[in-house]
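This chain uses plain numbering: 1 for the first residue, then up along the sequence.
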Amino acid sequence: MYKNLVLLLCLLPFQFVSARTNPLADFPEGYTPEEVGRRLAYHFVDGKHMLHGGKWISYPETFAWNGALKFAAVTGDEKLLRLLQNKFEPLFTTEKALLPVMNHVDLNMFGSLPLELYRVTKEKRYLELGIPYADTQWIVPETAGESAKAWADKGYSWQTRLWIDDMYMITIVQTRAYQVTGNREYIDRAAKEMVLYLDELQRPNGLFYHAPDVPFYWGRDNGWMAAGMAELLRSLPAGSSYRPRILQGFRTMMESLKNYQTSGGLWNQLIDKQGCWPETSGSAMFTFAFITGVRNGWLDAGEYAPAARKAWMAMVRYINEQDNVTEVCVGTNKKNDEQYYYDRPRHAGDYHGQAPYLWCAAALLEK
């Protein structure tokens with residue numbers, strides 16, 4: 001019987017055996033992170049700007065750009081890196097008016113892009129452009145309201161508003177600033193902010209309502225928090241007093257997400273509603289958090305690596321022939337109406353979806 005089992009294993013496709021050994025390696029043709037990341041990154045190079053209110057580079061475009069840069073760096077794709085730099089170059093000259101102003105959490109996040117370019121290229125002009133976006137999240141403008149000033153007096157960003165989206169928007173800028181400068185102030189204040197949001201907003205099951213007055217677990221909103229904690233924990237020093245609380249919040253959320261993963265591999269638009277439709281952008285953010293958690297030893301590989309693989313395999317099937325991710329929920333404001341979330345339009349190629357797919361491809365390839 002033992003000999004028969006050995007023979008059976010030898011006859012199985014190598015990929016099946018290796019996937020069982022390391023679920024985050026040896027994907028089949030068409031599903032490898034190299035292939036998928038390359039498709040989406042080069043597609044991004046040719047894409048048009050996605051502007052915020054018709055004026056500034058938007059946060060979805062910024063984060064897709066970041067993902068493409070990370071993929072280029074991880075794979076050593078010099079051609080892709082040059083193309084991404086060339087795409088950015090007009091922002092120093094003819095497109096300078098598209099640089100976001102530094103007066104809102106959804107705009108300051110742009111600083112993560114030039115800081116990532118500096119991290120990859122070491123060209124000082126990117127650092128000089130990016131750092132003010134990180135600094136001004138904590139520099140209170142004269143026009144700030146009383147609520148903003150009150151948050152600042154407590155050591156938090158004046159842009160604090162207790163929307164969980166902020167825990168990616170703030171985290172990504174402050175983390176990148178810490179990575180390229182080594183200045184502990186950036187990562188410490190981001191961690192303090194994260195603990196505030198966890199203490200104020202995380203539900204007992206580890207997930208987050210779209211808003212305190214909107215008791216629905218919307219996928220992408222939770223995705224920002226999942227990815228934000230993952231990004232922060234990757235750089236937060238081991239001895240940080242904030243680390244245990246953030247790691248606890250992360251693990252509690254991941255356990256809940258693992259339980260809500262559908263049989264198809266993704267997560268639904270409303271995470272806990274079985275009849276809701278699978279949504280790709282939030283699913284990709286959760287997958288990124290799973291991959292990052294496993295890679296860094298924060299999550300048990302035996303439990304979470306197979307779940308991450310299952311999600312990735314499902315995600316790839318939602319990329320169409322034009323290299324656009326499908327079933328991406330459009331930008332969505334809060335509304336205390338469950339049907340509203342069921343009825344939200346779905347776009348193909350929306351950077352809300354393209355971005356976290358690229359994060360996942362890069363995360364799977366990181367050593």
Side-chain angles (χ1 to χ4, degrees), residues 30-52 56-75 77 80-81 83-88 98 106 109-110 112-113 116-117 165 168-169 172 219-224 226-228 230-231 265-267 269 277-292 308 311-332 344-365:
Y31 291 81
T32 69
E34 293 92 343
E35 292 172 279
V36 175
R38 183 177 176 82
R39 287 175 62 187
L40 299 186
Y42 277 92
H43 182 47
F44 173 78
V45 168
D46 297 327
K48 296 180 179 180
H49 286 313
M50 179 180 178
L51 301 180
H52 185 99
W56 302 298
I57 299 293
S58 69
Y59 67 82
E61 180 177 354
T62 296
F63 297 145
W65 214 324
N66 271 331
L69 277 169
K70 196 68 173 289
F71 177 79
V74 168
T75 58
D77 191 331
L80 176 59
L81 177 57
L83 290 171
L84 292 166
Q85 284 186 271
N86 291 342
K87 188 179 179 73
F88 192 93
L98 299 183
D106 287 348
M109 57 76 226
F110 173 81
S112 63
L113 177 54
E116 180 68 10
L117 276 162
D165 312 43
Y168 193 84
M169 309 299 169
I172 197 67
R220 187 163 68 238
D221 208 41
N222 277 265
W224 291 121
E231 286 283 3
L266 299 187
W267 286 263
Q269 160 81 338
W277 48 278
E279 199 278 328
T280 51
S281 68
S283 294
M285 292 176 181
F286 301 150
T287 305
F288 169 74
F290 276 20
I291 295 166
T292 305
W312 173 257
M313 296 292 289
M315 284 166 51
V316 175
R317 299 185 192 107
Y318 284 84
I319 304 173
N320 66 21
E321 293 181 356
Q322 291 73 44
D323 298 326
N324 289 322
V325 176
T326 62
E327 296 297 296
V328 181
C329 178
V330 299
T332 294
R344 294 303 289 154
R346 313 169 207 182
H347 284 178
D350 189 307
Y351 287 144
H352 283 98
Q354 306 289 115
Y357 268 61
L358 282 163
W359 305 344
C360 287
L364 285 168
L365 292 170

J.: Within the structure provided, determine whether P356 and F288 are in side-chain contact (heavy-atom separation under 4.5 Å).
T.: no
J.: Looking at H49, Q354, H52, which hits side-chain hydrogen bond (donor to acceptor under 3.5 Å, both in side chains) with E61?
T.: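 The single option meeting the side-chain hydrogen bond (donor to acceptor under 3.5 Å, both in side chains) with E61 is H49.
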J.: Please identify each residue that fulfils ring-ring contact (aromatic ring centres under 6.0 Å, His included) with F71, with sequence neighbours left out.
T.: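 Once residues adjacent in sequence are excluded, F71 has no partner under the ring-ring contact (aromatic ring centres under 6.0 Å, His included) criterion.
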J.: What about F290 and W267, are their ring centers closer than 6.0 Å?
T.: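 That pair passes the under 6.0 Å test.
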J.: Check side chain to side chain donor-acceptor pair (under 3.5 Å) between S112 and all other residues, then give those that pass, not counting sequence neighbours.
T.: N66
J.: With sequence neighbours excluded, what pairs up with H43 under the side chain to side chain donor-acceptor pair (under 3.5 Å) test?
T.: N324
J.: Quick one, F63 and M169 - any side-chain contact, counting heavy atoms below 4.5 Å?
T.: yes
J.: Is any side-chain heavy atom of F286 less than 4.5 Å from a side-chain heavy atom of C360?
T.: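 No, too far: nothing below the 4.5 Å cut-off.
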J.: Within the structure provided, determine whether L51 and L98 are in side-chain contact (heavy-atom separation under 4.5 Å).
T.: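 Touching, per the 4.5 Å side-chain cut-off.
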J.: Are W359 and Y168 an aromatic pair by the rule of ring centers under 6.0 Å?
T.: yes
J.: Would you sort out whether D350 and M50 count as a side-chain contact (heavy atoms from CB on, under 4.5 Å), showing the intermediate values?
T.: CA-CA 9 Å; D350 189 307; M50 179 180 178; 4.3 Å; yes
J.: Given L83 and Y42, is the side-chain contact (heavy atoms from CB on, under 4.5 Å) satisfied, shown in steps?
T.: CA-CA 9 Å; L83 290 171; Y42 277 92; 3.7 Å; yes
J.: Return the set of residues passing salt bridge (Lys or Arg N to Asp or Glu O under 4.0 Å) with K70 (not counting sequence neighbours), or none when no residue passes.
T.: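 For K70, the residues satisfying salt bridge (Lys or Arg N to Asp or Glu O under 4.0 Å) (neighbours in sequence not counted) are E366.
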J.: If the condition is side chain to side chain donor-acceptor pair (under 3.5 Å), which residues does Q269 pass it with, not counting sequence neighbours?
T.: W218
J.: Please lay out, stage by stage, how L69 and L113 fare under the test side-chain contact (heavy atoms from CB on, under 4.5 Å).
T.: CA-CA 9 Å; L69 277 169; L113 177 54; 3.5 Å; yes
J.: Side-chain contact test, heavy atoms from C-beta onward, threshold under 4.5 Å: evaluate it for R346 versus V328 and give yes or no.
T.: no
J.: Under 3.5 Å, side chain of T280 to main-chain N/O of T326, donor-acceptor pair present?
T.: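 Present.
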J.: Rounded to the nearest 0.5 Å, what separates atom CG in L117 from atom CG in L84?
T.: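 Here the interatomic distance stands at 8.0 Å.
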J.: Using a strict cut-off of less than 4.0 Å between a Lys/Arg side-chain nitrogen and an Asp/Glu carboxylate oxygen, indicate whether R220 and D165 qualify as a salt bridge.
T.: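 Result for this pair is no, no salt bridge flagged.
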J.: Which atom pair, heavy atoms only, marks the closest approach of R39 to I319?
T.: NH2-CG2, 3.3 Å
J.: Step by step, work out the ring pair (Phe, Tyr, Trp, His ring centres under 6.0 Å) result for Y318 and Y357.
T.: CA-CA 11 Å; Y318 284 84; Y357 268 61; 8.4 Å; no
J.: Just how far is it from atom CG of L80 to atom OG1 of T75, taken to the nearest 0.5 Å?
T.: 6.5 Å
J.: Holding to side chain to side chain donor-acceptor pair (under 3.5 Å), I want the full list of residues that pass it with D106, two or more places apart in sequence or in another chain.
T.: R161
J.: Can you name the nearest heavy-atom pair linking T287 to M315, along with the distance?
T.: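 Smallest interatomic distance, heavy atoms only, reads OG1-SD, 3.5 Å.
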J.: We want to know whether T32 and E35 form a side-chain donor-acceptor pair, criterion being a heavy-atom distance below 3.5 angstrom.
T.: yes
J.: Which heavy atom in I291 sits nearest to a heavy atom in A363, and how many Å separate them?
T.: CG2-CB, 3.8 Å
J.: State yes or no: are the ring centers of W65 and F88 separated by less than 6.0 Å?
T.: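 Yes, the ring centres sit under 6.0 Å apart.
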J.: Decide if the gap between the ring center of Y31 and the ring center of W312 is smaller than 6.0 angstrom.
T.: no
J.: Can you check side-chain contact (heavy atoms from CB on, under 4.5 Å) on D77 and R38, steps first, answer last?
T.: CA-CA 9 Å; D77 191 331; R38 183 177 176 82; 3.3 Å; yes
J.: Which pair of non-hydrogen atoms, one from A355 and one from P60, has the smallest distance, and what is that distance?
T.: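 Where A355 meets P60 most closely, the heavy atoms are CB-O, 4.2 Å.
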J.: Ring centres of Y59 and H352 under 6.0 Å apart?
T.: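 Yes, the ring centres sit under 6.0 Å apart.
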J.: Show the nearest heavy-atom pair for residues S283 and L266, with the distance to one decimal.
T.: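 Looks like OG-CB, 3.4 Å.
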J.: Search all heavy atoms of G353 against all heavy atoms of S281 and return the closest pair with its distance.
T.: CA-CB, 3.9 Å
